[in-house]
Each structure stands twice: as structure tokens, then as C-alpha cells.
Amino acid sequence: MKYGMVIDLKKCVGCYACVVKCKQEHFLPPGMTWRKILMSETGDYPNATKHMYPILCNHCADPACVKACPTTATLQSDDGIVTIDQDKCVGCRYCLIACPYQARTYNADEKKQYFPGQGPTDFEKLGAKLYPHQTGVVLKCNFCRERIDAGIEKGLQPGQDMEATPACVNICPAKAMVFGDLDDPDSEIARYIREKKAVQLHPEFGTDPSVYYVIN
Amino acid sequence: MIQTRRYEFLVQNTPQKEWIEKRGILMWLAMFFIELGAGAFVVSSIVGNQLGMLLGWLLCGVLGGGFHLVYLGHPTRFWRMVLSSGWKTSWISRGLAFVTLFLGLGLLHMVLLQWASPVTGLLIAANIFAFLAIIYVGFVMASVNGIPLWNTALLPVLYLVLGVWGGLGLTILTLEATGATTIAVGSVEEWSRIFLVAFIFIVFVYLLTIRYQGATGKTSVRVIVAGKLAPLFWIGVALFGTAFPVGVAIATWVAGLSIPTALLFVLIILELLGDLTLRYCILKAGLYAPLIPSTSYA
């Protein structure tokens, strides 16, 4: 069992729905996004082309961040998902530096608010209760670990049942993402990677990312 | 032609900022003082200079350890870095263990030296851990494969030379301060000159190697020698840290004179300044390769 994601760059329309949904799902503080989208343009009018590159934690099979973490706060579970135990993180940021994909963020400012001087919004108040983020620790995408765990408990299948699938995958209006078990050769994601010849980002780093991209 | 709209850092070389900007400055200072202190302890213990050992211990423990702790997001959890199983893979965890063991054994040795009879085995163990404390930062950085400037086996060697060289300088200062014999100072000075030559050689080889290690490495080296860090590098490292000591060493050697104490003090301060500047340049010029190629996939 190894969860992974494939992102079809030919389908991505760059709507930022995944970025916003991720922010909403995890009640992320101002200025922090666990997903990012790079946009670029090639060519000139009338032959200009726009390209989108959604970037997130790659949940590598051989993650540099897990090796770098001095307190074992960064963990990799048996299903391949890399998470951070906020209670153990000491805030040394070595994982942040060690990640060649720059997928991690340091949560430095506890006073940061969406509307400074006007108090926390209802969203922020709710987030503090439902999904508290410590300051002085490193945060990153967790493949919506809580959704997967809760879904499996209900007997649902991650990648097939929306309730057990990462929020970014569900929200994508272009269905540009597929989530599932990379180890199962019959899973939708495994077939998608095979058929579309999806590739990993910078495999030369040797971390064996679990996020694949369809580029052709 | 590509026009990036957002997250330009992903299509260009991106500088690491966590360990050099804002509070990251503390990491730079911590690395410097830990290696300098450990180096001073090792060299001073070899020549039997108790003041140098104490100074090295204080620099490593108080300044180096202190800056490290203040930098952490949760300093009160620092014990996890030693007591967890992180040491199996993490060089930071290993480094903290080395520094802690060096400080503990070193303190015990100094206490015994002062009030009882010293144990040779204890001093040897303290020196081994001090030696490991000198080189661990090099391994911490060399294991980051996303930053070509750091990802080289030469970095631990360079930091070893810097740590011992700085330690030699501090030992000379403390020997002079305690009125040690000219012979004792002279022998340490000779070693300092050898390390000066080693320093020049390794910095040259290091930059040359990285220069040919891909586009990002080449850019890092360019930033140091010809980019925005060039004034710091050429004035701080090349002029103060290298050219002055080399010039004075050659001049006094040709003239057959010993270096006047006041000038020696100035030279050592300049050497340490060069050490600090080079470390700053290496941290500041640490660039990640672009995540997305600058040419389109289409």
C-alpha cells in the first residue's frame, strides 16, 4: 500500500480551486499554502500557450525530510504518507532545507490574522478548534490524512470514495488529479500512470516521489 | 519566452533563507562558534593551554549552543533531538549529541585538571567528540542534495580546516595573554600557517568543483565570486582572511623576524573575520535548482 497522486497537466486549467480548498480544509493561516500553482506562458500572440504546474508535497518513498528530522517529528506511515507530529517538532527547519522540492513551510507568526486589528474571523476561530496549527513548527501537505483515516474507518476506498480522498482531488473541476494506491497495478492511478506515461518531478534527487505528472 | 506569473522561485534558482535570513542569522553564528570553540579546545588541550580550553568550551557551549537554542521554534523541546531515535539518520541530531558529549566530558576534564588529577582517557574522548563537533555542520549541509553548493564531500573538509584554523588562532591569542613561552606560541603559529595554506587550497578546489557541478552550482559560485556576495568574499575572505595573513607570513619569513604580538592579534582577528564571512557566503549563496525547467514541457 503506497498512496500517490497523478496530476494531468494537460487537464489542469489553473483555477486555483485546489489551492483554496486545501487552505480551507486545513484552516491554513494567512500567507501559507500547502499547494502551489506555477503558471507560465510560452510563445507570442496569437500562438501563446499557458501552462500550469500544481506543486505539493511529493510524499516521497525515500523522503529527505524524514531522514533530516532530528526529533522523528516527521514520520512516514506504512501507506507512504509523510506527516508531521507538531508536538514533537522542535522548529529547527532542517527538514525544510533538506526537502529538494521546497514543499514545506515554517509557521512562524502566531499573531498573523486575515484581517489584522479586526480580530479573528469565524473561519479562524473554527480552525483554532478543529484544526489547530502550532507556531514555531514546520507544516506541509498531509494528503488529507484525516480524511483518508476517517474514510477507511467507514469502510470507504481512498481515491474512489470522495469522503476518503484528498480535498484537492475532489474539488478539481477538470478532474486533473487521480489519487490512489500506487502499489496496486489495477488501481486507477497505476493504470493512469502507465497509460499516460506519467513522470516524477526531478527523479534525480533519488527520493522516489509519489506524485506523478502527465506532461504529454 | 517564459513569463512566470506566480511562484517564480520554482522556475529560477531559489536561495535558501531559513538558515541565513532574519532569525536564520543565529544559525550562521551558532555554526561558527561551535566549530571555533571545539577547535580551540582541541588545539589548546594538545599544547596544554587551560585558558584556551576554557575559552573554547565557553564559545562552543554558551555562544554556539545558545544561538542554536534561541533559533529553534520550540527550544524547550531540544532534548528530543538527542533522546529520540533521530540520530540514526539526522546529522543535526548526531551533531547535538557530539556537542553535548564534548561539553560534558570537556567540563569534567577541566574540573579534574583544576582540582584533582586528570584522566587521559577522558581528554581523548572529549577531543574525539570535539573533533566530531567541528565536522558535523559540514555533514549537515553536505547531505542536502537540493543545494549543489552544499552537496559536496568537500564541505566537511573545509569546515574541519576552518574549525581547527580558528582554534589555532584562538589558542595563540590565549597563549600570548597568559605569557606563554615564545617556543610554544611559535609552534602553534607554524601549524596556523600550514592550515592557512590548506584553507586557500580547499576553498579554491571547493569553488572550482562546484563551478562545474551543473548550472545551479555555477550560479552559486558566480554569486560568491562575481555577484552580490563578491564584495564580502573578496574583502572579507580573500583580503582580510587570506591575503593579509599570507603577506605578513611571507614578509616575516623572508626577513627572519617573528611577528609582533599586536600584529599577530590583528591577523588572528582578521582570519576569524574571514572564516565568518566565508560561512556567510556559503549559507547565503546556497541555491536550489529550479523545480520546473525554464523551458516549457509542451
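We name chains A, B, ... by the order of the sequence lines, and we start the count at 1 in each one.
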J.: With a 4.5 angstrom heavy-atom cut-off, could you sort out which part of A:Cys99 is near chain B: side chain, backbone, both or neither?
T.: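 Interface part for A:Cys99: backbone (N, CA, C, O).
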J.: Is the closest side-chain heavy-atom distance between A:Tyr101 and B:Tyr288 below 4.5 Å?
T.: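 With C-beta onward as the side chain, the pair stays apart.
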J.: What parts of residues 127-136 of chain A touch chain B if we use heavy atoms and a cut-off under 4.5 Å?
T.: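 Listed by number, the contacting residues are A:Gln134, A:Thr135, A:Gly136.
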J.: With a 4.5 angstrom heavy-atom cut-off, could you sort out which part of A:Tyr213 is near chain B: side chain, backbone, both or neither?
T.: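 When you check distances to chain B, no heavy atom of A:Tyr213 falls under 4.5 Å.
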J.: Counting only heavy atoms not in B:Lys17 (residues, nucleotides, ligands), do more than 12 fall under 6.0 Å from its NZ?
T.: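 No, because the 6.0 Å sphere around NZ of B:Lys17 holds 12 heavy atoms or fewer from other groups.
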J.: What are the residues of residues 67-77 of chain B, in order of number, with any heavy atom under 4.5 angstrom from a heavy atom of chain A?
T.: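 Result: B:Tyr71, B:Leu72, B:Gly73, B:His74, B:Arg77.
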J.: Please look at B:Val140 and chain A and tell me whether the side chain, the backbone, both or neither of the residue comes under 4.5 angstrom of a heavy atom of that chain.
T.: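 Both backbone and side chain of B:Val140 come within 4.5 Å of chain A.
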J.: Could you tell me the separation between the NZ atom of A:Lys36 and the CG atom of B:Leu291, rounded to the nearest 0.5 Å?
T.: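 Between atom NZ of A:Lys36 and atom CG of B:Leu291 there are 9.5 Å.
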J.: Tell me if the centroids of the rings in A:Tyr94 and B:Trp91 come within less than 6.0 Å of each other.
T.: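 No, too far apart.
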J.: Go through A:Val90 and B:Arg80 one step at a time and tell me if the side chain to side chain contact (heavy atoms under 4.5 Å, CB included) criterion holds.
T.: CA-CA 8 Å; A:Val90 74; B:Arg80 287 185 184 277; 5.8 Å; no
J.: Within residues 65-74 of chain A, which residues come under 4.5 Å of chain B, heavy atom to heavy atom?
T.: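 Within residues 65-74 of chain A, near chain B: A:Val66, A:Lys67, A:Ala68, A:Cys69, A:Pro70, A:Thr71, A:Thr72.
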J.: If you measure from CZ on A:Arg104 to CD on B:Glu18, what distance do you get to the nearest 0.5 Å?
T.: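 Reported to 0.5 Å precision, the distance equals 12.0 Å.
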J.: Please classify the contact of B:Trp150 with chain A as side chain, backbone, both or neither, using a heavy-atom distance under 4.5 Å.
T.: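 The side chain, not the backbone.
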J.: Who pairs with A:Ser77 by side chain to side chain donor-acceptor pair (under 3.5 Å), at least two apart in sequence or on another chain?
T.: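 Result, side chain to side chain donor-acceptor pair (under 3.5 Å) vs A:Ser77: A:Asp79, A:Arg145.
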